[in-house]
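Any value given below was found using the heavy atoms of this structure, including those in side chains, with hydrogens, waters and symmetry copies removed. Below, chains carry the letters A, B, ... as their sequence lines are ordered, and counting in each starts from 1.
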2 protein chains.
Amino acid sequence: MAKKPPLKSYDETISENGLRFTDQRRAVYDALMDQQDHPTAVELFIRVKGKAPSISLATVYNCLETLTECGLVQTINHERESARYCPNLSEHAHLFCSGCGGVTDIPLRSKKRAQDIWEFPDNAAITHHEISFRGLCPKCAVTPPPLTK
Amino acid sequence: MAKKPPLKSYDETISENGLRFTDQRRAVYDALMDQQDHPTAVELFIRVKGKAPSISLATVYNCLETLTECGLVQTINHERESARYCPNLSEHAHLFCSGCGGVTDIPLRSKKRAQDIWEFPDNAAITHHEISFRGLCPKCAVTPPPLTK
DNA sequence: CTAGGTGCAAAAGGTTTGCGGTTAA
DNA sequence: TTAACCGCAAACCTTTTGCACCTAG
């Protein structure tokens, strides 16, 4: 009795999409997966520079676009800030903390869906959503930081 | 028995915030309120140019920022597209149609809140949310448009 | 061998800012 | 009178693109 395969692996996904295995693509992917955070393209660029000094920022952007297209990472946008990239593929939202600037994943309560609270017009077909919150993360809400920015 | 005043008027809000009544500010506000749609800054700039030909795009941006800050309009961002401005101040989300490019307001089902489906960490303090959907509006879902892109 | 990828530099696109002049209050 | 506001142009910042070279398959 086969378990539902949770998520395709990097190798599998790259192959299935007829893409090549390049060091840069892998390095960008690993840099995002290693730390489970929400870096910008420039932050990833800096991380990757350590292991592959010749990589360019344009390549980081290109890789991230490709990885997003084939579903290996999520691109998240919020209030015109730099895009951030997320290794968590499950359905979730993000909390952008005004205190520390950090981003926290917000999971869906079990069995709930956006349709449960939003009144979509009949026949509307939703393919994707972009949901983010601005506020204070638990840490900053309890101990406000010394007024950054 | 006083009714709950629904929303402060333009005049009231401008006064309370110690702002000036300028023709440009009013023209930008009116251009947004007249048509209940979701124009970009440039679209509003064009509309306003009709009535106040000397206005500059920078002023339109500045006015929209001020109006957003004092709560008279909402600024909506989606997938790094140009910001759009929304005259509807009630709590709602937006559906960006891949067919016609239009934006539809999505109201909250009565008595529901984001907290009902999202599992926020204890103590997190939410001040604002940015919720948008990508998909097809009812019209385009029924009669797909001729592939605009 | 060759299409897909990379690195570089330049361009694009949307928004913001600096500054001198204008105007609401 | 004077701080807020305006128009203009330049600056900014993030992301994309063109192009010559490189390399995985």
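Distance A:Leu64 CG to D:dT16 P: 10 Å, rounded to the nearest Å. The interatomic distance linking A:Leu19 (CG) with C:dT2 (P) rounds to 21 Å, in whole Å. In this structure, CG of A:Leu57 is placed 14 Å from P of D:dC13, rounded to the nearest angstrom. Counting to the nearest Å, the P atom of D:dC5 and the CD1 atom of B:Ile55 are 14 Å from each other. Atom P of nucleotide C:dG14 and atom CG of A:Asn77 are separated by 15 Å, given to the nearest angstrom. Counting to the nearest Å, the P atom of C:dG4 and the CG atom of A:Leu67 are 17 Å from each other. D:dT14 atom C1' lies 13 Å from atom CD of A:Glu43, rounded to whole Å. Taking atom NZ on B:Lys49 and atom P on D:dC6, their separation rounds to 15 Å, with Å as the unit.
Between D:dA4 and B:Thr22, no contact under 4.0 Å exists linking OP1 or OP2 to a side-chain N or O. Contact check, A:Gln24 against C:dG7: a side-chain N or O comes under 4.0 Å of OP1 or OP2. A close approach under 4.0 Å does occur between a side-chain nitrogen or oxygen of A:Ser82 and OP1 or OP2 of D:dT14. In terms of phosphate contacts, B:Tyr61 brings no side-chain nitrogen or oxygen within less than 4.0 Å of OP1 or OP2 of C:dT16.
Taking every side-chain heavy atom of B:Arg25 into account, D:dC5 is the closest of D:dC5, D:dT16, C:dT15. Across C:dA9, C:dT17, C:dT6, the shortest atom-to-atom separation from the side chain of B:Asn62 is found for C:dT17.
Of the possible donor and acceptor atoms, one in the side chain of B:Arg109 sits under 3.5 Å from a partner among the backbone N and O of A:Gln115. A donor-acceptor distance shorter than 3.5 angstrom exists from the side chain of A:Gln36 to the backbone of A:Met33, with no hydrogens or angles considered. Judged by distance alone, with hydrogens and angles left aside, the side-chain atoms of A:Glu65 form no donor-acceptor pair with the main-chain N or O of A:Asn62 at under 3.5 Å.
Between B:His94 and B:His38, the gap from one ring centroid to the other is short of 6.0 Å.
Both B:Glu65 and B:Phe21 sit near DNA chain C, but only B:Glu65 has its closest nucleotide nearer the 5' end.
With hydrogens and angles ignored, no donor-acceptor pair under 3.5 angstrom links the side chain of A:Arg80 to the base of D:dT14. On a pure distance criterion of 3.5 Å, a polar donor-acceptor pair joins the side chain of B:Arg20 and the base of D:dA4.
Across all strands, A:Ser54 comes closer than 4.0 Å only to sugar-phosphate atoms, never to a base (heavy-atom distances). Residue contacts shown for B:Thr59 include a base, since a base heavy atom lies under 4.0 Å away.
Under the 30°/60° scheme for interplanar angles, the aromatic rings of B:Phe96 and B:His78 are found to lie parallel.
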